[in-house]
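Model, not experiment: these values are computed from the prediction.
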Amino acid sequence: SLPGQAQSYTDAILNDADKITEVLNWSADGFNGAGLATGILEVRRRFAAGSTAPFDVTSTQKKSNLTYDAFGNLIGYHQDASATDNPALKQATEWTGTFDAFGRLSSFVERSRQYDDDGALDVRTVTARDGIQFDDQNRTIGYVQRSTDKLGHVSVTSWAGENDDRGLL
């Protein structure tokens with residue numbers, strides 16, 4: 001890693017409304033020659049201590065094989081996710097993206113698989129977003145998204161937005 005580069009951090013948030021505490025532990029799992037992370041581990045614990053309805057769930061997301069283009073834009077990764085509230089359920093995701101000449105995300109493809117340890121669940125989906133459009137302030141104003149389920153059914157969403165003088169959608 002490079003001097004001054006974050007290798008790990010912990011963030012804790014207490015929500016007074018529902019008395020749930022969330023603690024996030026983030027750590028980088030290696031760096032490339034440009035100092036960009038090649039792997040990331042996030043462990044998030046949400047719990048309600050001293051509550052009449054105890055709650056304690058830890059979720060883990062491990063990103064690996066983070067790859068970048070020549071400008072440092074993230075163009076791909078693999079992610080594995082799981083949680084203690086349903087430890088048999090797993091999710092694996094492959095993500096790839098492209099960027100325009102201004103460094104803005106112009107398209108991505110996300111291939112996801114949710115499965116369990118005993119093979120009763122095996123759901124695969126593909127989500128592709130392209131045609132991402134921006135206004136002169138680099139705010140997203142449109143895209144087309146195609147989601148495909150494991151049976152090959154395709155759902156298409158075309159989204160368009162406009163910002164007012166204050167930059168609000």
Sole candidate of Lys62, Arg111, Glu94, Lys63 that passes side-chain hydrogen bond (donor to acceptor under 3.5 Å, both in side chains) when paired with His78
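Checked Lys62, Arg111, Glu94, Lys63 against His78; only one passes side-chain hydrogen bond (donor to acceptor under 3.5 Å, both in side chains): Glu94.
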Under the side-chain contact (heavy atoms from CB on, under 4.5 Å) criterion, do Arg104 and Asn138 qualify, and how do the steps go?
CA-CA 8 Å; Arg104 302 175 302 194; Asn138 291 321; 2.7 Å; yes
Please give me the minimum heavy-atom distance between [X] and [Y], naming the atom from each residue.
{"X": "Val123", "Y": "Lys150", "value": "CA-CD, 4.3 Å"}
{"X": "Lys19", "Y": "Asp16", "value": "NZ-O, 3.1 Å"}
{"X": "Gly72", "Y": "Leu36", "value": "CA-CD1, 3.9 Å"}
{"X": "Gly39", "Y": "Leu66", "value": "CA-CD1, 3.8 Å"}
{"X": "Val144", "Y": "Ser158", "value": "CG2-OG, 4.0 Å"}

Would Phe134 and Thr140 satisfy side-chain contact (heavy atoms from CB on, under 4.5 Å), going step by step from the backbone distance to the final call?
CA-CA 5 Å; Phe134 302 90; Thr140 303; 3.6 Å; yes
Drop me the distance from [X]'s [atom1] to [Y]'s [atom2], to the nearest 0.5 angstrom.
{"X": "Arg129", "Y": "Thr157", "atom1": "CZ", "atom2": "OG1", "answer": "8.5 Å"}
{"X": "Ile13", "Y": "Thr21", "atom1": "CD1", "atom2": "OG1", "answer": "10.0 Å"}
{"X": "Thr148", "Y": "His153", "atom1": "OG1", "atom2": "NE2", "answer": "10.5 Å"}
{"X": "Thr96", "Y": "Ile75", "atom1": "OG1", "atom2": "CD1", "answer": "9.0 Å"}
{"X": "Asp100", "Y": "Ile132", "atom1": "CG", "atom2": "CD1", "answer": "9.5 Å"}
{"X": "Phe71", "Y": "Asp69", "atom1": "CZ", "atom2": "CG", "answer": "6.5 Å"}

Non-neighbouring partners of Phe99 that pass ring-ring contact (aromatic ring centres under 6.0 Å, His included), sequence neighbours left out:
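Checked Phe99 against ring-ring contact (aromatic ring centres under 6.0 Å, His included); zero matches.
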Gln91 and Ser112: side-chain donor and acceptor closer than 3.5 Å?
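There is such a pair (donor and acceptor under 3.5 Å, judged by atom type) between the side chains of Gln91 and Ser112.
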Please assess Tyr115 against Arg124 for the test side-chain contact (heavy atoms from CB on, under 4.5 Å), listing each intermediate value before the final yes or no.
CA-CA 9 Å; Tyr115 61 98; Arg124 297 168 192 256; over 6 Å; no
Indicate, with yes or no, if [Y] and [X] share a hydrophobic cluster defined by side-chain heavy-atom contacts under 4.5 Å among Ile, Leu, Val, Met, Phe, Trp and Tyr.
{"X": "Ile20", "Y": "Phe47", "answer": "no"}
{"X": "Leu24", "Y": "Leu41", "answer": "no"}
{"X": "Trp26", "Y": "Val43", "answer": "no"}
{"X": "Leu74", "Y": "Phe108", "answer": "yes"}
{"X": "Tyr143", "Y": "Phe102", "answer": "no"}

Is the shortest heavy-atom distance from the side chain of [X] to the side chain of [Y] under 4.5 Å?
{"X": "Leu89", "Y": "Leu121", "value": "yes"}
{"X": "Ile40", "Y": "Tyr77", "value": "no"}
{"X": "Asp135", "Y": "Ile141", "value": "yes"}

Heavy-atom donor-acceptor pair, [X] side chain to [Y] backbone, under 3.5 Å:
{"X": "Tyr68", "Y": "Ala37", "answer": "yes"}
{"X": "Ser106", "Y": "Thr98", "answer": "yes"}
{"X": "Thr84", "Y": "Thr58", "answer": "yes"}

Among Asp117, Asp122, Asp118, find the residue that satisfies the salt bridge (charged side-chain N to carboxylate O under 4.0 Å, His left out) test when tested with Lys90.
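The residue from Asp117, Asp122, Asp118 that satisfies salt bridge (charged side-chain N to carboxylate O under 4.0 Å, His left out) with Lys90 turns out to be Asp117.
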Passes side-chain contact (heavy atoms from CB on, under 4.5 Å), Val57 versus Asp85? Steps please.
CA-CA 6 Å; Val57 175; Asp85 59 337; 3.8 Å; yes
